[in-house]
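Reckoned from all heavy atoms, side chains included, excluding hydrogens, waters and symmetry mates.
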Amino acid sequence: MKKIIIFDFNRTLYDPDNNRLITGTRFVLRTLLRRGFVLYLVSRAGTSRRERIQTLGIDRYFFRIIVTKEKHKKDFERIVSKTIERRSSFVVGDRVRKEIRIGNSLGVQTVWLNRGKFANEKPRNKLEQPTYKIRALREILSVVS
């Protein structure tokens, strides 16, 4: 069984307001790979998003990158299969109403990066309640082991 982590891009790994990676992104991704996780990236945007990810040099950390016009549960379902260890797999994002809700509905652990533009977006129901809440990306290393 494999352990996976599905990351959101904007405001989770990348700061679009300052046009740069969130502090510690490369270190976190390298560390998670060394810990045996298979990493995925799901991003909402046009085709230029894939180019941005390549330009930033983080594409090499991901087994698969999905860029879609609008994130849907089916995009995550394509990644989450019967061969993963659900208790040791995670969805990481900054939106409780998007990534966290989808991750919970798929039965994996969820990590809410509670900072930035959507920090005040509170869970409205159980599906939007994250398993873990962090304020800095590096904190994920203490959550997933």
Side-chain angles (χ1 to χ4, degrees), residues 2-46 48-50 52-81 84-145:
K2 64 182 177 177
K3 305 180 300 183
I4 69 166
I5 300 178
I6 303 171
F7 282 96
D8 167 53
F9 181 67
N10 250 10
R11 294 184 173 83
T12 301
L13 299 178
Y14 177 72
D15 177 354
D17 301 323
N18 295 302
N19 193 29
R20 65 178 188 202
L21 289 173
I22 300 290
T23 303
T25 294
R26 286 186 182 88
F27 174 77
V28 166
L29 297 176
R30 277 193 310 267
T31 302
L32 293 172
L33 285 172
R34 280 196 302 269
R35 290 184 183 179
F37 286 95
V38 179
L39 306 181
Y40 294 84
L41 185 65
V42 176
S43 179
R44 182 188 69 79
S48 64
R49 179 60 48 93
R50 192 172 294 279
R52 164 76 57 211
I53 293 165
Q54 290 173 340
T55 301
L56 291 166
I58 61 170
D59 55 317
R60 62 186 164 163
Y61 298 109
F62 298 98
F63 181 77
R64 185 171 179 194
I65 297 170
I66 296 173
V67 176
T68 181
K69 286 186 180 183
E70 189 65 41
K71 280 187 250 178
H72 294 285
K73 185 177 177 180
K74 66 179 169 72
D75 298 313
F76 291 75
E77 287 173 330
R78 295 183 345 202
I79 299 167
V80 176
S81 67
I84 71 159
E85 189 177 316
R86 288 182 192 264
R87 288 186 313 240
S88 300
S89 294
F90 301 83
V91 169
V92 181
D94 67 313
R95 304 279 317 267
V96 293
R97 297 185 185 150
K98 297 281 186 177
E99 301 91 20
I100 302 306
R101 180 180 45 79
I102 292 170
N104 284 332
S105 72
L106 294 172
V108 298
Q109 307 270 345
T110 54
V111 181
W112 179 25
L113 181 56
N114 182 231
R115 60 175 293 231
K117 183 177 180 179
F118 301 104
N120 293 323
E121 181 181 81
K122 303 299 180 204
R124 298 174 295 187
N125 56 51
K126 187 173 178 158
L127 263 184
E128 294 177 357
Q129 189 65 44
T131 311
Y132 301 97
K133 183 169 134 178
I134 60 175
R135 295 207 180 269
L137 185 60
R138 282 184 182 232
E139 290 177 42
I140 194 171
L141 298 176
S142 62
V143 169
V144 304
S145 51

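- The line from CZ of R101 to CZ of F76 is 9.5 Å long, rounded to the nearest 0.5 Å.
- Scanning both residues, G93 and E99, for their nearest heavy atoms gives CA-OE1, 3.7 Å.
- Considering only residues two or more places apart in sequence or on other chains, L113 meets the side chain to side chain contact (heavy atoms under 4.5 Å, CB included) condition with T12, R115, I134.
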Q: Mind running side chain to side chain contact (heavy atoms under 4.5 Å, CB included) on I79 and V42 for me, showing each step along the way?
A: CA-CA 10 Å; I79 299 167; V42 176; 3.8 Å; yes
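- Atom CD of E121 sits about 10.0 Å away from atom CD1 of I100, to the nearest 0.5 Å.
- Counting heavy atoms from C-beta outward, L137 and T23 have side chains that stay 4.5 Å or more apart.
- Taking the side chain to side chain contact (heavy atoms under 4.5 Å, CB included) definition, one finds that R87 meets it with nothing, sequence neighbours left out.
- Here T131 pairs with T110 under the side chain to side chain donor-acceptor pair (under 3.5 Å) rule; sequence neighbours left out.
- Residues satisfying the side chain to side chain donor-acceptor pair (under 3.5 Å) criterion with N10, sequence neighbours excluded, are absent altogether.
- For I5, the side chain to side chain contact (heavy atoms under 4.5 Å, CB included) partners two or more places apart in sequence, or in a different chain, are F7, L32, F37, L39, F90, V92, V144.
- Residue pairs meeting the ring pair (Phe, Tyr, Trp, His ring centres under 6.0 Å) criterion with at least one member in residues 8-36, sequence neighbours excluded, are F9-Y14.
- Side-chain atoms of N18 do not come within 3.5 Å of backbone N or O of R20 as any donor-acceptor pair.
- When all heavy atoms of K3 and S89 are compared, the pair lying nearest together is CA-OG, 3.7 Å.
- Each salt bridge (Lys or Arg N to Asp or Glu O under 4.0 Å) pair with one or both residues in residues 21-35, not counting sequence neighbours, would appear here, but there are none.
- T25 is linked by a side chain to side chain donor-acceptor pair (under 3.5 Å) to nothing, counting only residues two or more places apart in sequence or in another chain.
- For the pair I6/I102, no side-chain contact is recorded, criterion being any heavy-atom separation below 4.5 Å from C-beta on.
- Between D17 and K117 there is no salt bridge, since none of the side-chain N atoms of the basic residue sits less than 4.0 Å from a carboxylate O of the acidic one.
- Contacts classified as salt bridge (Lys or Arg N to Asp or Glu O under 4.0 Å) and involving residues 124-145 (residues at least two apart or in different chains) are given here: R97-E128, R124-E128.
- The CG atom of D8 lies 7.5 Å from the CG atom of L41; values are rounded to the nearest 0.5 Å.
- Nearest approach of T31 to L141, heavy atoms of both residues: CG2-CD2, 3.7 Å.
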List the atom pairs, donor and acceptor, that lie under 3.5 Å between side-chain atoms in residues 54-67 and the rest of the protein, sequence neighbours left out.
from: T55; atom 1: OG1; to: E51; atom 2: O; distance (Å): 2.8
from: R60; atom 1: NE; to: G57; atom 2: O; distance (Å): 3.2

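- The side chain to side chain contact (heavy atoms under 4.5 Å, CB included) check on E77 picks up K73, K74, L106, with sequence neighbours excluded.
- Closest non-hydrogen pair, V80 versus R86, comes out as CG1-NH1, 3.3 Å.
- For K98, the salt bridge (charged side-chain N to carboxylate O under 4.0 Å, His left out) criterion is met by E70, not counting sequence neighbours.
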